[in-house]
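Below is one structure, written out as structure tokens; comments come after it.
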Amino acid sequence: MLNECKLNPQSEIMERVRIIVVGAGVVGLSTAVCIAESIPHCSVTVLAEKCSPDTTSDVAAGMLHAPLFPDIPVDRQKRWFKNTFDHLLAISESSEAADAGVFLVFGWEIFREVPREKRPFWSQDVLGFRFMTDAELKKFPQHKFGHAFTTIKCECLTYLPWLEKRFRKAGGQIQLGRVTDFGQLCQGYDIIVNCSGLGSTALAGDRQLHPVRGQILKVYAPWLKHFIRDGDGLTYIYPGAKSVTLGGTRQAGDWRLMADGEERVEIFERCCRLEPSLQKSLQLGDAVGLRPGRRNLRLEREMYQFRNRQVPIVHNYGHGGGGISLSWGTALETLQLVQQCVSDRPLPSRL
């Protein structure tokens with residue numbers, strides 16, 4: 001099986017532990033798969049208000065390009081990205097690639113001014129990273145510097161259903177429902193894994209969390225085979241299997257889910273300035289998603305007091321625009337915390 005998580009030998013002697021994962025986006029499903037495949041003597045349930053194709057992940061462009069969180073050690077972030085890239089690369093090189101919606105794509109990231117850090121922390125993890133040549137930069141006269149590399153496109157409208165099948169094959173169950181308080185889960189489950197994304201604003205009472213609205217436009221332009229990303233992260237052109245994703249917006253604190261016609265025009269014009277051939281493309285439609293914005297991604301364990309006992313909760317949310325790019329790496333680290341929770345459980349009485 002592709003990049004399957006390692007089995008913890010101690011799990012074979014553990015009593016059956018009930019684990020619930022809240023959230024069925026790319027972070028939640030990746031985490032659930034890791035747990036279900038690694039600790040088979042636990043029961044794992046995913047609880048979500050929405051599943052694919054109605055999650056925020058389904059709107060994401062799906063190009064692997066990691067954000068940088070200011071207060072998290074870079075080595076930890078590099079591990080998250082590398083583990084995710086390697087996982088998806090293995091899928092892209094397998095017979096499962098088409099079914100999973102994962103494939104390689106080459107392109108350019110361009111900058112109007114030379115950035116302070118010419119080599120991003122993830123440069124050694126993507127394929128063939130190099131600085132753009134003068135001949136390449138001539139295509140973008142308003143830009144002075146750029147990166148050229150091959151990365152991975154992960155299309156969640158295909159990838160999430162594929163992950164769901166993999167999760168069910170490992171014995172997992174998916175339930176639709178809404179939870180407003182962790183106490184609702186404490187009677188039925190021994191360990192709670194919170195991957196609720198923006199839902200943690202209410203569920204975990206996280207005041208640091210906020211929506212970052214993203215609007216994108218899908219067009220039909222089958223001649224485009226390379227991606228173009230402006231270094232500010234706002235304007236991008238990402239070719240996919242059936243359409244090209246044009247973006248975008250990055251509006252902090254904006255809860256609007258309806259597409260804005262004026263923003264559609266502005267996105268299209270910005271992208272056409274980078275790639276004039278798009279003027280002949282066919283517009284297919286808009287989509288809007290709310291990224292779970294947070295100064296720093298939250299990945300940690302805490303104990304929740306429920307009546308006369310404490311229930312462990314492992315939080316894994318706040319990925320912002322890096323949900324797909326960090327999904328498998330943060331899932332593996334979450335798995336380690338869940339395994340610790342399982343190991344720390346008191347042994348059942350033999351009396």
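This is a predicted model, so every value here is computed, not measured.
Within a 6.0 Å radius of NZ in Lys242, no more than 12 heavy atoms belonging to other residues, nucleotides or ligands are found. Within 6.0 Å of the CZ atom in Arg178, the count of heavy atoms belonging to other residues, nucleotides or ligands does not exceed 12. Within a 6.0 Å sphere centred on NZ of Lys218, other residues, nucleotides and ligands contribute more than 12 heavy atoms. Heavy atoms from other residues, nucleotides or ligands lying under 6.0 Å from CZ of Arg207 number 12 at most. Around NZ of Lys78, the count of heavy atoms belonging to other residues, nucleotides or ligands within 6.0 Å exceeds 12.
The backbone N or O of Pro141 sits nowhere less than 3.5 Å from a side-chain atom of Lys144 that would complete a donor-acceptor pair. A distance-only check finds no donor-acceptor pair linking the side chain of Arg295 to the backbone of Gln208 [under 3.5 Å]. Proximity of a side-chain donor or acceptor of Asp86 to a complementary backbone N or O of Asn83 within less than 3.5 Å is not detected. Although no hydrogens or angles enter the test, the distance criterion places no donor-acceptor pair under 3.5 Å between the side chain of Glu37 and the main chain of Ile39. With hydrogens and angles ignored, the 3.5 Å screen pairs a side-chain donor or acceptor of Ser57 with a backbone N or O of Val26. The main-chain N or O of Arg119 is never found under 3.5 Å from a side-chain atom of Ser123 such that the two would form a donor-acceptor pair.
To the nearest 0.5 angstrom, Glu49 atom CD is 10.5 Å from Asp54 atom CG. Atom-to-atom distance recorded for Leu163:CG and Thr158:OG1 is 11.5 Å, nearest 0.5 angstrom. Thr31 contributes atom OG1, which lies 4.5 Å from atom CG of Asn316 (distance to the nearest 0.5 angstrom). Taking CG from Asn194 and CD1 from Ile20, the interatomic distance works out to 11.0 Å, rounded to the nearest 0.5 Å. The CD atom of Gln310 lies 10.0 Å from the CD atom of Glu302; values are rounded to the nearest 0.5 Å. Between the CZ atom in Arg18 and the OG1 atom in Thr45 there is a gap of 10.0 Å [rounded to 0.5 Å].
Under the 4.5 Å side-chain criterion, counting only non-hydrogen atoms from C-beta, Arg213 is in contact with Glu263. Counting heavy atoms from C-beta outward, Ile152 and Ile91 have side chains that stay 4.5 Å or more apart. When side chains are defined from C-beta on, Val311 does not count as touching Tyr189, because their heavy atoms never get closer than 4.5 Å. Residues Lys153 and Pro239 form no side-chain contact, since every pair of their non-hydrogen atoms from C-beta on lies 4.5 Å or further apart. Between Ile324 and Tyr159 there is no side-chain heavy-atom pair separated by less than 4.5 Å. In this structure, the side chains of Gln340 and Leu337 come closer than 4.5 Å at one or more pairs of heavy atoms. Contact annotation: the side chain of His65 never approaches that of Thr151 to less than 4.5 Å [non-hydrogen atoms, C-beta and beyond]. Side chains of Ile35 and Phe167 form no contact here, defined as non-hydrogen atoms less than 4.5 Å apart.
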Verdict with reasoning, Glu275 to Lys139, per salt bridge (charged side-chain N to carboxylate O under 4.0 Å, His left out): CA-CA 9 Å; Glu275 180 54 65; Lys139 180 176 171 63; 3.1 Å; yes
Could you walk me through whether Leu274 and His143 pass the side-chain contact (heavy atoms from CB on, under 4.5 Å) test, one step at a time? CA-CA 10 Å; Leu274 293 182; His143 296 75; 3.8 Å; yes
Show the numbers, then the answer: is there a salt bridge (charged side-chain N to carboxylate O under 4.0 Å, His left out) between Asp344 and Arg301? CA-CA 13 Å; Asp344 291 346; Arg301 177 174 66 163; 3.2 Å; yes
Begin with the C-alpha distance, continue with both residues' side-chain angles, and end with the deciding distance and a verdict on ring-ring contact (aromatic ring centres under 6.0 Å, His included) for Trp108 and Phe140. CA-CA 10 Å; Trp108 301 294; Phe140 310 103; 5.8 Å; yes
Could you walk me through whether Tyr317 and Arg298 pass the side-chain hydrogen bond (donor to acceptor under 3.5 Å, both in side chains) check? CA-CA 5 Å; Tyr317 66 84; Arg298 187 183 185 191; 2.9 Å; yes
Decide yes or no on side-chain contact (heavy atoms from CB on, under 4.5 Å) for Arg270 and Ile267, but give the supporting numbers first. CA-CA 5 Å; Arg270 274 193 278 124; Ile267 289 170; 3.5 Å; yes
List the steps, then state whether side-chain contact (heavy atoms from CB on, under 4.5 Å) holds for Val27 with Leu326. CA-CA 8 Å; Val27 174; Leu326 304 175; over 6 Å; no
Arg273 vs Gln142, side-chain contact (heavy atoms from CB on, under 4.5 Å): CA-CA, chis, key distance, verdict: CA-CA 10 Å; Arg273 285 196 289 271; Gln142 302 301 316; over 6 Å; no
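There is no path of hydrophobic side-chain contacts, each under 4.5 Å, that joins Val288 to Ile216. Placement of Val21 and Ile192 in two distinct hydrophobic clusters is found when ILVMFWY residues are connected by side-chain heavy-atom separations under 4.5 Å, directly or transitively. Placement of Leu299 and Ile72 within a single hydrophobic cluster is found when ILVMFWY residues are connected by side-chain heavy-atom separations under 4.5 Å, directly or transitively. If you chain together hydrophobic residues whose side chains sit under 4.5 Å apart, Val219 and Trp223 fall into the same group. By the rule that hydrophobic residues join a cluster once side-chain heavy atoms approach within less than 4.5 Å of another member, Leu234 and Val244 end up as members of separate clusters.
Between Tyr236 and Tyr238, the ring-plane angle classifies as parallel under the 30° and 60° cut-offs. By the 30° and 60° cut-offs, the orientation of the rings of Trp80 relative to Phe69 is perpendicular. Ring orientation note: the planes of Phe111 and His147 are nearly perpendicular, at an angle over 60° on the 30°/60° scale.
For the side-chain contact (heavy atoms from CB on, under 4.5 Å) with Ser327, the qualifying choice from Thr84, Leu64, Leu332 is Thr84, the only one to do so. For the pairing with Leu198, the side-chain contact (heavy atoms from CB on, under 4.5 Å) check across Val212, Thr56, Leu203, Leu290 returns one residue only, Leu290. Evaluated for a ring-ring contact (aromatic ring centres under 6.0 Å, His included) with Phe149, the options Phe85, Phe106, Phe131, Trp122 yield exactly one hit, Trp122.
The heavy-atom pair separating Gly183 from Tyr304 by the smallest distance is N-OH, 3.4 Å. Across all their heavy atoms, Cys271 and Ile237 have their closest contact at O-CD1, 3.6 Å. Closest heavy-atom contact between Pro67 and His319: CG-O, 4.4 Å. In plain terms, the two heavy atoms of Leu47 and Leu176 that are nearest each other are CD1-C, 4.1 Å. Annotation for Phe268 and Leu278: closest pair CZ-O, 3.4 Å, computed over non-hydrogen atoms. Considering all non-hydrogen atoms of both residues, Gln215 and Thr249 come closest at N-OG1, 2.8 Å.
Between Arg294 and Asp206, at least one side-chain nitrogen of the basic residue sits less than 4.0 Å from a carboxylate oxygen of the acidic one, meeting the salt-bridge criterion. For Glu136 and Arg130, the salt-bridge test passes: some basic side-chain N is under 4.0 Å from an acidic carboxylate O.
No side-chain donor-acceptor contact under 3.5 Å links His315 and Ser200.
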